[in-house]
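What follows is one structure encoded as structure tokens, with my remarks underneath.
Naming convention: chains lettered A, B, ... in sequence-line order (proteins, then strands); numbering from 1 in each chain. What you see is a predicted model, and the numbers here were worked out from it, not measured in a lab.
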There are 2 protein chains.
Amino acid sequence: MSYIITSLLDTDFYKFTMGQLVFHRYKDIPVKYAFINRTSGIPLADLVSEEDLRRELDHVRTLRFNNSDLHYLRGTNEYSERMFKEDYLQFLKTFELPPYRLMRSNSSYFLEFSGKWSEAIYWETFALSIMNELYCRAKLSMLSRFDQETVYAEGKMKLAWKIRLLREHGRITFCDFGTRRRFSNEWHDSVVRTLTEEMSARQFLGTSNVYLAMKYGLMPMGTSAHELFMVMSGIMHGSDEEIRASHKKVLQDWWDEYGWGLSIYLPDTYGTDFGLRDFEPYQAAAWKGVRQDSGDPYVFGEFKVIPFYRGLGIDLREKIIVFSDGLEETAMIKLHDHFSGRVRCTFGWGTNLTNDFRFSPLSLIVKPVKACGHGVVKLSDNIAKATGKPKDIELFKKIFGYTNTYSKACRT
Amino acid sequence: MSYIITSLLDTDFYKFTMGQLVFHRYKDIPVKYAFINRTSGIPLADLVSEEDLRRELDHVRTLRFNNSDLHYLRGTNEYSERMFKEDYLQFLKTFELPPYRLMRSNSSYFLEFSGKWSEAIYWETFALSIMNELYCRAKLSMLSRFDQETVYAEGKMKLAWKIRLLREHGRITFCDFGTRRRFSNEWHDSVVRTLTEEMSARQFLGTSNVYLAMKYGLMPMGTSAHELFMVMSGIMHGSDEEIRASHKKVLQDWWDEYGWGLSIYLPDTYGTDFGLRDFEPYQAAAWKGVRQDSGDPYVFGEFKVIPFYRGLGIDLREKIIVFSDGLEETAMIKLHDHFSGRVRCTFGWGTNLTNDFRFSPLSLIVKPVKACGHGVVKLSDNIAKATGKPKDIELFKKIFGYTNTYSKACRT
């Protein structure tokens, strides 16, 4: 029987861009990542067997980067010349995932990844892809054979509809960000192949999945994630000022590592209001743009980002907003119609692209919970998406002057 | 219906190593390559339809290097760090094969590739793989369905035998050099996959086929070919001394381009006797070794190469002979038993690895026939393998002091 993950490249590109930064600067920092099921109504452990889950997780630990995987990464030059350095590639050559810790507790799974930051960072997407696919298989297996066929037929019709609609809106550009919440490995592959064959390369820009980017000759896409800011707060833990300073340190490190090529800023770890206050004018001028990943995207663009750039006298038409929060095709069209002509925008399309079936997808995440022994926190522009211990969340709200009240439940 | 060649990487690695040298130094040199059927008894044009042949050749001309192909080449570092330079990769990015010229003449095909050397050089392997596969299909199509199945069953049994025998001779190392004369694309893929799965990586070292090296994470293997020397004789055409000097120029260019990493010398273009006379002691000391591609391999090793190195006081155990001429498994074992312990040896296994069926494989070649308007010649250590016009062959024999009389007919 085949496995869900068969290549260590079957992950998001940003795991490598973040992974290299971590390898170069914070290799041995002790961290702990934890799996969190935000769709708390679903008794995951009653649906997904522990044996199957362990079989898949164990298998990923046996995988290694092969010669061609490393050729591909070494040859990556879309963002800057030879962006992956030889020391990092040598590290990957012998890399294996650190152990995981899995326990069943009633109908839930407790799943954690502890270790050096430079190693534990890679578990996230694999654990999520595995958990999602096992869950989807469980749901499928409750149907008759013919009903299973209709599930795929529906999925194809929906994909056809998305393609038709977006072709009519030919100025919208997007890429696939759907690795972690995909219905299955196989379906993800067929979605990306279909988009490659059916859409213009000017519209479908690429995929965050490195394996599929390689397989279909697409551009590997990615920015960076909250985990950099979160872990840095543990590394620089101390007074309120020190914790606050950890946010800016990430921006500096990122620019030092990659420069302009990967300069898309994710400002919402502690709320976009703080994120923009902490974005120095010289940085705002230099960086390509920002990514919107939580809260109301219109508020983010209209009342935060646009006034921010305007206030600095920066030409908005040279900046880009990458929308990536819970998109679907009509939302993309509306956002594009609303913002286009004033600021450039593009879309990182995730769950709804690779898991749009009759079963509601789960909202699963794997996030850092500790770094250097300190609890870490993500607030975001949607307080329902906050992660961390309640006490730490309150502390971080105070430190970062968080006043947001927007709250929208994740899928339950 | 699918095509035989579906990727421009489905070629021999040395096309890129030679191709880059040519691109850097002799980009616009006008050359002509010609297809030659040395198995003159086979009425190729009666078996392979011109329509099918044109369809395949035309299709290769539509192919382009995609993003991932270029990542892979950019990431190649097995022979030296980042051996393919950015200017060459940019050239490949927009590369397309130049036009071909095809005519049927009675039962033969006349097939030529003229153009700039930096472009025409890539036709060789594609033209040969296509012609061979169309021929093998024609032979297969004459059989009943069940007989066709037995052809593949026999092929598998022979491959199983080769693997079993070579496993018993675990110190023999070899790689696949069988792209150009393979039975089919599909069979080649399955042979390489099988060797990857069934043999130790210490024994099966890799493949010269870049597409398959990429697909299976293998080492891309290759040295260089006669065409470099042949075309250089046209570039430096003039007095006997100038033509003679063209041979050494290739060695200098090759070392300047790749240094030690790719320093396997192919000495037999004008006969190995001349080749070794023209190999300066400092070169012999620096280069890794030599490739044997014509004549009697024992004579080559025992009476030419070994005395040559000994005469210079070079430690033979640090040098390697790559045997690559018409090998099969028992010949490899005999050669290994004969030479091992005295000089390192390895094997580039071609036709007999990828086309060992009941049909005798054809002996097809594509060679340069003209460069800068001058006829070019290959003599080799087997005068039956010589190419060039009879008048030019006589001239080159004189210039290079060729006295060899060994002659062994190619498959007829």
A:Tyr26-A:Asp253 side chain donor-acceptor pair, cut-off 3.5 Å = yes
Is it the side chain or the backbone of B:Leu73 that comes within 4.5 Å of chain A heavy atoms, both, or neither?
-> neither
Donor on one side chain, acceptor on other, B:Tyr216 and A:Asn67, under 3.5 Å | no
Tell me the residues of residues 189-199 of chain B whose non-hydrogen atoms fall below 4.5 Å from those of chain A, in number order.
-> none
Using the ring pair (Phe, Tyr, Trp, His ring centres under 6.0 Å) rule, take B:Phe204 and B:Phe174 through it: C-alpha gap first, then chi angles, then the decisive distance, then the call.
-> CA-CA 5 Å; B:Phe204 176 52; B:Phe174 68 97; 5.5 Å; yes
Any side-chain donor-acceptor pair under 3.5 Å between B:Asn352 and B:Lys162?
-> yes
Positions in residues 75-86 of chain A that reach chain B, provided some heavy atom is under 4.5 Å away = A:Gly75, A:Thr76, A:Asn77, A:Glu78, A:Glu81, A:Arg82, A:Phe84, A:Glu86
More than 12 heavy atoms of other residues, nucleotides or ligands under 6.0 Å from OH of A:Tyr122: is that the case?
-> yes
Looking at B:Phe177 versus B:Trp349, is the centre-to-centre ring distance below 6.0 Å?
-> no
Test item: side-chain donor near acceptor, B:Asp87 and B:His24, under 3.5 Å = yes
Measuring heavy-atom distances to chain B, does A:Asn66 have an atom under 4.5 Å in its side chain, in its backbone, in both, or in neither?
-> side chain
Per side chain to side chain donor-acceptor pair (under 3.5 Å), A:Asp10 is matched among A:Thr179, A:Asn209, A:Thr125 by A:Asn209
Taking the six-membered ring for Trp and the full ring for Phe, Tyr or His, determine whether the centres of B:Tyr152 and B:Phe183 are under 6.0 Å apart.
-> yes
Do you see a donor-acceptor pair shorter than 3.5 Å between the side chains of A:Arg291 and A:Ser324?
-> yes
